Structure formats: structure tokens, C-alpha cells
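Have a look at the structure below, then the notes.
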Amino acid sequence: MARYEARIDVTHLPGILDPQGATVERALPALGYTNVSRISVGKSIHLVIEAESEAAARSQVDEMCHRLLANPVIEAFEISLSELVP
Amino acid sequence: MARYEARIDVTHLPGILDPQGATVERALPALGYTNVSRISVGKSIHLVIEAESEAAARSQVDEMCHRLLANPVIEAFEISLSELVP
Amino acid sequence: MTTRIGVVQFPGTNCELDVVHAVDQLGGRGEILFHTERTLAGVDAAVVPGGFAHGDYLRTGAIARFSPIMEAVAQFAAAGGPVVGICNGFQVLCEAGLLPGALQKNAGLKFLCQTVDVRVETAVSVLSGAARTGDVLRLPINHFEGNYVCSPETLAELQADNRVVFRYVDNPNGSLDDIAGICNEGRNVVGLMPHPERASDAVLGSADGVVLLRSLLAAASERSVPAGR
Amino acid sequence: MTPIAQPLHRQLGMTDEELAAVIDELGREPTELELAMYSVMWSEHCSYKSSRSHLGRLPTEAPWVLVGPGEGAGVLDVGDGLAVAIRIESHNHPSAVEPYQGAATGVGGIIRDIFSMGARPIALMDPLRFGPLDDPRTRYLFEGVVSGISGYGNAVGVPTVGGEVVFDECYTGNPLVNVLCLGVLPKERLVLARAEGVGNLAVLLGSATGRDGIGGASVLASAGFVEGSETKRPSVQVGDPFEEKRLIEACLELLDAGLAIGVQDLGAAGLSCAASETAAKTGAGMDVDAARVAKREPGMNPVELLTSESQERMLAIVTPEHLDEVLALCERWEIRATVAGRVTDTGRFRVYDGYFDAIGVPGANPLPPLGDDPPEVSSDRMPVADVPIGSLGDGPLYHRPLAPPADLEARQAADPGPGLLKRFPPGSDLSAELLDLLGSPNIADKSWVWHQYDHQLFLNTVAGPGGDASVLRLKETAGRALALSVDGKGRFCALDPRVGTELAVLEAARNVACSGARPLALVNCLNFGNPEHPEVMWQFSEAVDGMGDACRALGIPVVGGNVSFYNESHGVDIDPTPVVGVIGLIDRLESPPPGIALRAGDRIVMLGTTRREVGGSEWATRHGWREGRPPAADLEVGRLLHELVAGLVTERMVGGLHDCSDGGVAVALAEMAIAGDVGFDVRIGDAIMCFSESASRVVLSVAADRLNEVLGRAGSGRVPSVILGDAGGTDLHADGGFHVSLADAEHAWRDALPSIMGSPHDVG
Ligand SMILES: Nc1ncnc2c1ncn2[C@@H]1O[C@H](COP(=O)(O)OP(=O)(O)O)[C@@H](O)[C@H]1O
Ligand SMILES: [Mg+2]
């Protein structure tokens, strides 16, 4: 059994409104930042998972994202894995 | 002027409890996931910034995190930058 | 000469008129201060009321604290002026650094609108001067992010200086040390999650908030900081 | 495998006949944009083409009705110069696809209907229907819908003061999410969205327009619904309560300052519907320039821009002289405002792409989004749509065939009474039955739901969720208050839609009477199956007649409604579920109404008559019986009861009172005991008498020295009354019926929902 650290980057599906991002973007010029655009605010989830292989870990995390961690109807997610060396 | 895409990974400071992470962790066994631990739920912020150099971009994003995007009292953040080739 | 209580309004604030109504009922005069103002127009005290300033987007209070009005509030507070943050206002004051710590999601991950028992832990603050230490008040809470957190050092300080002004009798949201409200060193800036204005009329179920609003009106009319502990 | 490509009009949900009618109207083939607009405007959702022919049978008039059905909301005169606007709408199908956003955008939509009348929204109510909670998908939907209403309603700053939740297997594949909104306005500020005055400008306010719910109305509301179907996912809309909150403030300020002639919300069919409707009402015309619409995404074409259902957008009609002030006011509230239309006298609705700037129409023209190429501006552009302005609004009218369900008589004949009596003969111990009913999600404490809702904002809530009706004081008046109740009786309607609807009206009116109010008006949300099924149209027609009869008998005008058809999954229709909201007025509120709590030492009196009616009852259903007849609905008896009860309450002659509904008198008593933290000792009769859901009954807690007076009043009010027993002790005891401790009853009732919903849930 190996242990992997997973980072899941949950973002909005293209075309889905991101009120948080839009609101932050509106606020920035007032703070003197005029060179920033395309802000989006999503979720970042970290976890540790035990699995036979990286492939096994990835497919379970993917399933967890679909079932619980993300909302596939409006969110996209990207999984990055790295093995934890004890 | 170059354009950079920034990803900011906002996490909870160690020692600051994370209600969302805790709740997800409690929920997982019921869903049949017993091999997952150390779950934390934070924010992932994406934005595009124009700057002279990667260093300039990084230092501005760092300042933006300290002032606005993260709350140093409870949150840590990590910035990753990549240049956007037009 | 009626006491003037300035009530800050950000886009997304929604309890401003309730606070004005409650203050007026008690003989004071509530005045709305729009977030783009740069002065407090000479009011005797400032309230940052509840609601969802800037939608609570990113973090509660994160964007609101940059509003021009907040600089005026900070100066007023630094000069000893009475400042009270209720619910979202408490969150804004924490983000603005006028109060230590932060408020994050309730432990149950649910919005909570219910009336709870809150104990007054010190009568030495601009919001509790007319109350007695140990009084238990029935006050409505109405928040998703009311779970107070701070560093162990900060907590130790708050406890040592007796700056925890209100505690929940039965902690509804996981708040550190049952904290419902705190004050700054000067004790002229108070933030709390419960809504005194929602308990300002028996016909609404409780009038226990009146003693707190009276305390504020008294502190405001003196325009001075209660001394000592 | 991919299906053979359908002709465009069919893909858009239009029949060949409807296309022919369009061609006839235009005298030519429609352009793609015109076809898209007609398909949405003529959809069931927008045109009421199947229901219009029936709704005319409802009574709509009373001296205090300022605006009846047909406008954004009904408006009532409540005295002291104040008026209230009220409306209810469904958001069923979007909520089944994405529960949080579906419910959230439903809240946003109904709120816009209210402030478009010039009223400040002050209260929401949310009648909900789901399948049984043992299904994980249902728990996910329930949790998501409640979070969505909480997340949006709380943040937009409109308290949710009451509602309803019912769980029944017929809603498993098709939950119902109805939302009612109430607003107040100074009578003189009442505005109706009207685009008058040639040359006046239509200013688009609020969110940029994205690809949300393109054709959403027709896709989601008018097509048979298949659970989780991928094709609908692009139509999911995301709500932004912060944008809406700023829109409320900006629009009300515009109207207060007299800067807007009218404001109209953008809902189904988006800009094409809003712009054409406002002008059609005055017989004027309207030109719209798609190039002026702020786009959220690059590359959006006029079809998308005109039919997009992006949330949080309004259209204000303003005179050119006022434009600068309007834009300034919007900037103060950080609201995007762009001149997108212009009133004409052509009697036509014309859409251009890149025209206004060329002909010199004033106002802001937003920059196109990154990566977009704006259309070439030119004054000799041809319109991309050009239709008679009225034609979009008056869609086809269908007289669909009606037929009662074949098995109706058989089902009605099978009364569960005898079977249940065999299982629970007189003298059997009903304690377990009572505890089971108290723990049934349909009856159990709903505070798990309403603790998530801000129900106190504005300091009006004298009686919030948890009792019979919710009571709101009107601070602006001399002590007046409103009472509100929403009720639906799907199970009764399944057995007899006419009687079931009468029972729903009776219950809502009864709840309102229990707070001492006299009923002012009713709004309804008619949730039905597929109107192409003759059984469904028969149910619909019966329900309309039942509502009409009940409203006439009780003197309650119907001031607004909403019809939601196609509530079906996998070809199975839901039970007919008309939901009604009744609003009542309390002329003088000195102190809060008594509430439902039993008072230790009081006598317990029941007004009304218990008959052996368990058909469609919660008790029978829990034992697997879904047949029989619903309780009789004697409308005259109801009217007399409501008048008596309202009188007793206003004269403060009772210590507490509660209407009998789900679970019968046994459950009503238990709820009163829990609320009053005191037991009781009563005599009710056998199981049937304990759990019968006979209509028009109210249980009273009466001080001993008031007893004879109350009984006398009942007699002279021609309302039967019976003394059930006394309040006291810590046990719930019914002679020869049940005997449980107050603690056990409270535990069963309070912990049911939390223990089921405790942990977060799997999408399943
Ligand atoms: N979805 C909901 N939202 C808010 N309040 C609710 C909801 N469901 C039930 N309630 C409240 O719980 C109480 C009991 O509901 P219900 O049993 O339907 O009352 P009644 O039987 O008198 O119509 C009511 O006050 C109602 O407002
Ligand atoms: Mg009911």
C-alpha cells in the first residue's frame, strides 16, 4: 500500500456564472490593481489516500469528486497526485 | 509587458480548525471510503496578471493575497505562476 | 439633544434599517452612513450592522473593509469613539483589524437562525455598560460564519484582559471558548454575532437586546470610554 | 446512437401547427431569432396555452384588490395608505437538475416579480415536495433545495417566514419547489410595467448576459422531464443574490425618485419577453439592439442574447431627459446599466445588431468581453427580427381533452377504514401509532429546515415558522398585521382533485383564522403532470373548479397564480398538487396571537366535527393505504368556523389553539402539548377518531372560567364544539387510546428530521 497526497482544484464550468470572481474583479481597481483580469474563485481540496497504485488512487479520487467533492453539473475539477514517501 | 496566469491555493493555517474538511472527513466512511485522511477544504483562485517580469507578477500577487485574497489570521497561501504565451 | 448613531451601509448590508428602527424606538437617532462616505458626519457612535456586505464573497467582510467609510470608522475608534459590529459587522471589524481573530463557517456547516442564551461576561464595554455581569440574555443569532477562531496567544490575551464580552450558554456554532462577542483593548469597539436589535420588542419574542442598545446610547451620549475593569 | 436531426422548430419544442401559425402571422418564414422567440414565448410555461381556457373560472374581484391576476403580482389595499404585492411561482424542474441553484434562482425570480411592481419584498414562503427520505438522491435534493433557499434568500435580504414540506413517493423523480413572495409599497407608488412614449428608452439593468438557460423555459418547463439528463445541464443557471440585492435597492430608488416609468423583470424568454411585453401592453412598438447588451462570454449572437435567461436582470423604461440621473443612480449601486431598447409607434418588435450607435441613441454601450468582435455599427442595418409586438404574447390556446382516470372510482370505493379498524380494534393501544406519526417526516418538527432561514429580518415577524400561520406586523401602519399560510393536499387531490383543492383552501384559510386574521386573497401554484394526458387535464379542471367554489364560499379573491405542467418522470405524472397561499389581515395587533401552545390547567375544546374519514390520511398512508375518499369539504361550515375562531382570538378568549390537519386531532394535541411543555388527559375515541383528518376542526386551550363563554360563542356561531379534556401533567393520555410521556412524544417529533439529515449526503 502506498500513500498519495491529492490536490483537487475545483473550478466553474466554462459559461457558468462566477459571482465571487466577478465581485472580486470589480473590487480590485479601488485597491489600485488595474492589471488583473479573469479572476475566478473555486475550491481547493487536499487529502491523503492509501492505494495500490497511483492509477487506483486517481480513479478513486475521481469517483469521490463526482459523488461528493465537486458538483459535476456546474463545476469542473482537476486532480494532481504525488506519492508520499514516509 | 507579459501576461501570467496565477493559481493561488488558499489553505487553513495549521491549528485552525477546518469545519468543511472535518465534515467531509466524517461523511466519507458512510460512502465506503475508509482509506482517506487529512482532508482540508480551501480556496483556489485563478487570475491573469500583466507584469514586467515573473518576479514583479509574483510580488504583486503576494501583496494581493496578504491584503485581500487570504486572511493571514487563519489562512496560508501558495502561489504558482505560468506565463501566458499569446 | 438626541444621541446620533451612525449605521454603516455597504452594498449587501440588510440589517441597517432594523438597527435604525431599534435605536429610534429607544430615543436615539439612527442615521445611515453609505460605504462611500469618508466621514462619520459627526455621529456619537457607529454601528456596522448585519447582512451580506459585498455578498460575503471571497470571505465575509473581506471586501467591505476597504470601503472609504471604514477608514473613518477606524479613526473614530482610535479616538475612543464607540463602535459596534453586529454579525456581519463583527466579521468586517475583524477583517479590518479593529478586533482580533476571525469568524469562519459554523461547525455544523449550516446557516443558523434561532434565539439562543447569551451570557454577559463583563459590563465594562460600550455595549454592556447597562447590563450586569452574569446576566443571561435571549438573543437571536442569524449567521453561517459565526464560528470565532484566533491564535492561542490572542485567546489568552482576550481572557486575561477580560475582553470576552459575551459567551454562548450552549455553543451553537463551534465558536472557540463559546465566544459570542469580544471587545478591543480600549473596550470602545465591540463585535458580537447575536442581533440585539432583533430582541428589542416583546412583540417579536424578546426585549433582552434593549439593555445592550441602551448601553451603547449611554456610551455614545458621553462620547467617552468606560474606565477601568 | 444519435437521433435523426429534427427540424429546428421541433428541436425548440414547437409543433408543426404552431410553426404554421407563425408563418401565417408573419406572411413569411421566420428568421432563426424569430423562431427562437416564438418557441419560448409560446411554450406552455410562458403562454399558459393549456390552462388559460380554465383559469377564467376563478373569482378574482374584491373591493380591496388593486391588481388582480395577469400582472407581475397581485396587489391588495391593506389600509393606512399601504398596499401589499403577492405572488407564488414554481421552479420544479431546474431544482431537480441542480437543487441548490434551481431553488436559489427560483427565489431570485419571484423576488423580481415583486419589486418590479414597486414593492419592497419583505417575506418569502417555500412550499416543497420531495420523495421519501430513505432515498439518498432525495436527501441530496432536499438538502440542496433548502440550502439554496437559505443561501439566496438570506443573502438577498428577504426573510423566509414559513412554508411547507411534504414527502411522498409520487415526487421522487420530480420534486416540487414553489416559492411565494410578499412585498409592501405605498399605495401611490404602485407601478405597472408599461413602455409608453415614443422615444423613451429601455435600459437593461444588472448582470451581463451569458449563455444561461438558453431556451431554458421551453426546455426545462415544457418538455417531459428525464432525471439527470445531460442535455439539460448547460441550462443550469447560477444565482447571484448580491447582484439582486443591489438591483432591489436601485430599482426601488428609481421608482421613488420618479426616474423610471416602469420596471420589468427578465424571466423566461429573457429580453425578448420583457421588452416585447412592456410595449405590447400599450400597443406601442419596441426596437432592441442586441449589440448593446453586455455579454458575459465572447461570441454570443443575437439569438442567445435575446433568449438568454441569465438571472438578476431588469428592464427600466425611462425618458431620455432622465437617462443621466438613471445611469448615475445605478453607478452608485454598482449596477450595470445600458440602453438596449427604444419605444416606437410601429406596433412591431424589432431586433437589430449594431444599429443604435449609428442612429444616435444615448446611453452607455458596454465594452464587448475579451476576445469578442463587436458587430459593425451601421444605420442601414436590417432587423434580425421584426414581428407584430402583440403576437409573441398571445400564443396558441388549447382546449385539451379531459377524462377522469380509469381507476378513479375503484380507488375511491376502497375505503381504508374497515381494514385499519380490523388491525386496530377499539381498545387497542395506539401509543406506538402516535409516536410513529409524530416521527413521520410529513408531521415531524420542520425546524431543521427553517432554522436555516433568516425568518426575522425587518423586525416584522411576530409569529414565524413553527405555528399555524406566520404573522408579520406592518410597522408602517397603525398596528396592522398580515397572516400567511401555504398549504397543498396532494394525497387528497389524487383521490378527488376538486375536493382536495377545496380542502387545501380551507386549511390555509383556517390557519390564517387561527391568528385572528380575516382572509384577503389567495395565490396558487398549480403543479400538475403532462397536460397532453386527458387525466391530467381533468384533474386540472376539477382543481380549478374546487378552488373557485371554495374561494367564492369563503369570499377570497384569487389575485395570482402559476401553472406548472409536465411534472412527470419516466412517463408517470405526479399526484395533482395545487398549492395555495392565503393572506389575511389583522386590523389591530396589540400583542402576539396566542400560538399553538397548550396551557397547564386549561380545558381542551375541539371546534368542528370528527367523522370517520381516514381516506388519504397520513395514518392510512403510513399503513400502505392510498385509496378511499378524502374528507368531506363543507365550505359553509368552514366559513362559520373561521369567523368564530378569528373572533375568539382577537377577543383573546383562548390561551392557545391549533388547526387539525395531518395526523388528526391526536397529532394536533401532541403538537400543542410539546409547544406548551405540558401533558393532557382527553377522551377522543377509537383509532379512526384519533387519526381521522376531517376538515374544519380547531383545538382550543381555554381557561376554565372562559369555558362557558367560549362554548356559548360556538353555539351562537353555529359551530359544533366538544370538550376533549384537560391540560396538565407530563403525559399525553387519551382514554382507551394512547398513553405516552411528553418526553417520548417530543423526542419522536423533534429528532426525526435531524437524525435522517444529520450527515452530509451523497449525490447518489
Ligand atoms: N419549507 C419550510 N420553510 C419554512 N417553514 C416551514 C417549512 N415547512 C414547514 N414550515 C413551518 O413549520 C410549521 C408546520 O408546518 P405545517 O405542518 O405545514 O403547518 P400546518 O399543518 O399548520 O399547515 C409551519 O409554521 C410552517 O411555516
Ligand atoms: Mg398543513
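For the numbers below, each heavy atom of this structure counts, side chains included, while hydrogens, waters and symmetry mates do not. Chain A is the first sequence line, chain B the second, and so forth, proteins listed ahead of strands; every chain is numbered from 1. What you see is a predicted model, and the numbers here were worked out from it, not measured in a lab.
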Extract the chain A to chain B donor-acceptor pairs under 3.5 Å, no hydrogen or angle test applied.
residue  : atom : partner  : partner atom : Å
Arg7(A)  : NE   : Asp9(B)  : OD2          : 3.0
Asp9(A)  : OD1  : Ser44(B) : OG           : 2.5
Asp9(A)  : OD1  : His46(B) : NE2          : 3.4
Asp9(A)  : OD2  : Arg7(B)  : NE           : 3.1
Asp9(A)  : OD2  : His46(B) : NE2          : 2.9
Leu31(A) : O    : Arg67(B) : NH1          : 3.4
Tyr33(A) : OH   : Glu63(B) : OE2          : 2.5
Tyr33(A) : OH   : Arg67(B) : NH1          : 3.1
Asn35(A) : O    : Glu50(B) : N            : 3.0
Asn35(A) : OD1  : Gln60(B) : NE2          : 2.9
Asn35(A) : ND2  : Glu50(B) : O            : 2.9
Asn35(A) : ND2  : Gln60(B) : OE1          : 2.8
Ser37(A) : N    : Val48(B) : O            : 2.8
Ser37(A) : O    : Val48(B) : N            : 2.8
Ser40(A) : N    : His46(B) : O            : 2.8
Ser40(A) : O    : His46(B) : N            : 2.9
Gly42(A) : N    : Ser44(B) : O            : 2.7
Gly42(A) : O    : Ser44(B) : N            : 2.9
Ser44(A) : N    : Gly42(B) : O            : 2.9
Ser44(A) : O    : Gly42(B) : N            : 2.7
Ser44(A) : OG   : Asp9(B)  : OD1          : 2.5
His46(A) : N    : Ser40(B) : O            : 2.9
His46(A) : O    : Ser40(B) : N            : 2.8
His46(A) : NE2  : Asp9(B)  : OD1          : 3.4
His46(A) : NE2  : Asp9(B)  : OD2          : 2.9
Val48(A) : N    : Ser37(B) : O            : 2.8
Val48(A) : O    : Ser37(B) : N            : 2.8
Glu50(A) : N    : Asn35(B) : O            : 3.0
Glu50(A) : O    : Asn35(B) : ND2          : 2.8
Gln60(A) : OE1  : Asn35(B) : ND2          : 2.9
Gln60(A) : NE2  : Asn35(B) : OD1          : 2.9
Glu63(A) : OE2  : Tyr33(B) : OH           : 2.5
Arg67(A) : NH1  : Leu31(B) : O            : 3.4
Arg67(A) : NH1  : Tyr33(B) : OH           : 3.2

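Taking the side chain as every heavy atom from C-beta outward, Leu31(B) and Met64(A) never approach each other to under 4.5 Å.
For chain B, no part of Val61(A) is nearby; none of its heavy atoms comes within less than 4.5 Å. Neither the backbone nor the side chain of Ile8(B) comes within contact range of chain A; no heavy atom of the residue lies under 4.5 Å from a heavy atom of that chain.
Expressed to the nearest 0.5 Å, how far CG of Leu69(B) lies from CD1 of Ile39(A) amounts to 7.0 Å.
Of the listed residues (Gly42(B), Gly21(B), Ala6(B)), the one with the most heavy-atom contacts under 4.5 Å to chain A is Gly42(B).
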